[in-house]
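Report on the following structure.
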Amino acid sequence: MVEQVSHDRRVRRLMMDFPRALPAAVFLLIAAITGLSVFAIERGEHQQEHAELRERAKAVASALERRGGTTASYLRAGAALFSTNADVTPELFDRFVSNIQLDSDYRGADGLGWAKRLTASGVEQFEQDYEAQFGESIRVLPDVAVGQSAVVPVTLLRPDTERNRRATGYDMYSEPVRRAAMDLARQTNRPIASGKLVLLQEGEGSEAGFIIYMPTFVEGRSAQPPKGFVYSPFNANEFLASALELETRGDKGLRLFDGPNAPGNLLAEIAPRQRTGVTVSEPVTIASRQMVLEVESARGYSLSKLSILTLLFGILVGSLLMIVVRLLTRQAIEDDASLAWLKEQSSIRDSLTRELNHRVKNTLANVLSIIALTRRRSKSLDDFADSLDGRIRALSATHDLLTQSDWGTTPIRDLIVAEMAPYAKNHDNVLNLEGPEVELAPSDALSLGLAIHELATNAAKYGALSQSGGSVHISWAKLSDELARLEWRESGGPTVSEERVCGFGTNLIEKIVAHELRNPVELNFHPSGVECKLTVPLRKPSDFAIRAHKSG
């Protein structure tokens, strides 16, 4: 239980010491946890995506190899058939194509063809035999170059379409890429795919393609030059698309390269839904030709839906917790301020109680002194009661002023006006006041109030206020920041006798008031009227104001 209370206090202390940092720290902590969660989710998603890319690449590569392998098998079969016949006639070739059921589906190829191998001197005879056999003229192009060892013109190409007829008569051996593939096929006696080229069938187009060649020897005598080549031309884009009949790609992108995956080697491309640059490569072998299949992810590095939901949820939770902690922090600060205010008020009450006791004791002491002196100087009970009543009222009037100022400072002018009010009422020019704004401490105001009351009482009985035409002039001025001088001067009253009995009022002013004010009082009885000079201390509020002292 004690440990729990201590822990709660430490938490509240942290809230009050770091009112802004603590909510921010909570938000950053939740943000960090959310970030780690998103990182873990994305890492898993990317690993899964990479695995899917690898699987898709292997599947499509396998489909491409199967397409190429099927065509190579057909070419091997054709080469075996044609090697046993002295000449490859249109009827024989068409029967072969029909038997392998490629009339409507060429497995992504542009067709199957036969190209007879000629010597440079046999080109003219080939053109004449072709016209006699097919009923239409043909010309081998390009023209045979001087020193050319062989000519391999396109002789037959199925299906017999306008597109394929563009290639009829073209000497494929005259072009380096095709020639290299045919020479390698002759050396290895197996189907060989050429490098990247543009088929004659494309006309003015520029789509890339390749050709698979299979040499045909007379009765299998591979040591001698072949009598021709069975071949199959491929438009690379159609070949790549045909593989997708066997394997789906989803929204991923596919690229087929002739050799390394460099831009100049690109054979075909099926663009992804969006380009991301996240790719996986897989080697592909088509008729002994090394190619590379590249699969590109359409998702890339964008956040998945689960990551976005996690991020939004984390931000929401972090914001709510930050607001809650901020509210708790503010409540803790307000509670602490309330406790401090209550402690301060309790301390002020205790101080005020002590001060009140002290001031009540002083006031009672003054009252007792006034009663004792009044009793000794009074001639009768009525005289005692009247004198005591007036002096108690003087104390009461001063207390009223002090109460109004919350026992703070009291202006000299307000004090004089309160004490002289009974004598100045309904009389013109009886009282003349002159002086600046000067504030007195409570105890000094009480003493000065008694002195003003005694002077006014004496003036009302014997002096300027005892007859019509008399007046009292009261002036005051600052002597310094610590002292002020007040002067009482009567005029217009009866002549003051030089021989006077020292009464209670004189003793009160010269002894009690002088003692309370801590300065001597000058009291003179001139024939023209009484004059009195009092020196009053000016104290700073911090010397006597309880509240100001406590708050400081």
Side-chain angles (χ1 to χ4, degrees), residues 348 351-352 354-367 369-370 391 394-421 424 431-459 472-490 505-524 530-552:
I348 290 173
S351 299
L352 286 176
R354 290 193 297 270
E355 181 67 16
L356 180 61
N357 290 334
H358 172 70
R359 289 177 178 176
V360 168
K361 288 180 180 180
N362 288 342
T363 301
L364 291 175
N366 289 335
V367 171
S369 298
I370 292 171
R391 287 165 183 141
L395 284 175
S396 177
T398 306
H399 270 267
D400 287 341
L401 287 176
L402 294 175
T403 303
Q404 293 174 11
S405 65
D406 200 16
W407 281 80
T409 57
T410 301
I412 288 180
R413 181 180 294 274
D414 293 348
L415 180 65
I416 296 172
V417 170
E419 295 294 343
M420 296 298 294
L431 182 63
N432 297 310
L433 304 180
E434 181 182 358
E437 289 291 330
V438 178
E439 305 281 341
L440 298 179
S443 59
D444 299 331
L446 286 171
S447 301
L448 183 60
L450 281 175
I452 297 296
H453 171 74
E454 292 302 324
L455 290 172
T457 302
N458 182 74
V472 176
H473 181 81
I474 304 174
S475 63
W476 63 90
K478 278 187 176 183
L479 299 179
S480 65
D481 290 339
E482 289 80 22
L483 294 174
R485 172 66 64 85
L486 184 141
E487 295 184 6
W488 170 287
R489 188 171 64 254
E490 300 179 21
T506 303
N507 289 332
L508 180 66
I509 293 173
E510 291 181 342
K511 294 180 180 180
I512 297 178
V513 173
H515 174 74
E516 292 293 331
L517 295 179
R518 299 189 297 277
N519 285 289
V521 176
E522 299 179 19
L523 183 59
N524 299 310
V530 177
E531 289 186 3
C532 182
K533 297 180 181 179
L534 300 98
T535 303
V536 186
L538 301 178
R539 292 185 288 167
K540 297 179 180 179
S542 59
D543 295 335
F544 57 85
I546 302 300
R547 296 177 188 273
H549 178 69
K550 282 296 177 184
S551 63

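Counting from 1, the numbers follow the sequence of the chain as shown.
- Side-chain atoms of E454 and L450, non-hydrogen and from C-beta on, never get closer than 4.5 Å to each other.
- Atom CG of residue L538 and atom CD of residue E482 lie 8.0 Å apart, to the nearest 0.5 angstrom.
- Once rounded to the nearest 0.5 Å, the distance linking CG of D414 with CD of E437 reads 7.5 Å.
- Atom CD1 of I474 and atom CE of M420 lie 5.0 Å apart (nearest 0.5 Å).
- For the pair L415 and A445, the tightest heavy-atom approach, listed with the atom from each and the gap, is CD2-O, 3.5 Å.
- Of all heavy-atom pairs between A441 and R539, the closest is CB-NH2, 3.3 Å.
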> How far apart are the C-alpha atoms of I416 and L486, what are their side-chain angles, what is the distance that settles it, and do they pass the side-chain contact (heavy atoms from CB on, under 4.5 Å) test?
Replying inline: CA-CA 11 Å; I416 296 172; L486 184 141; 3.8 Å; yes

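- Here the shortest heavy-atom pairing between C532 and L523 reads CB-CD1, 3.7 Å.
- Of all heavy-atom pairs spanning R518 and P537, the tightest one is NH2-CG, 4.1 Å.
- Note: H473 NE2 to R489 CZ = 5.0 Å, rounded to the nearest 0.5 Å.
- Atom-to-atom distance recorded for E439:CD and R413:CZ is 12.0 Å, nearest 0.5 angstrom.
- When every heavy atom of W476 is checked against every heavy atom of P436, the shortest pair comes out as NE1-O, 2.6 Å.
- One distance of note links OG of S480 with CZ of R485; it measures 11.0 Å at 0.5 Å rounding.
- Here the shortest heavy-atom pairing between L455 and E490 reads O-OE2, 4.1 Å.
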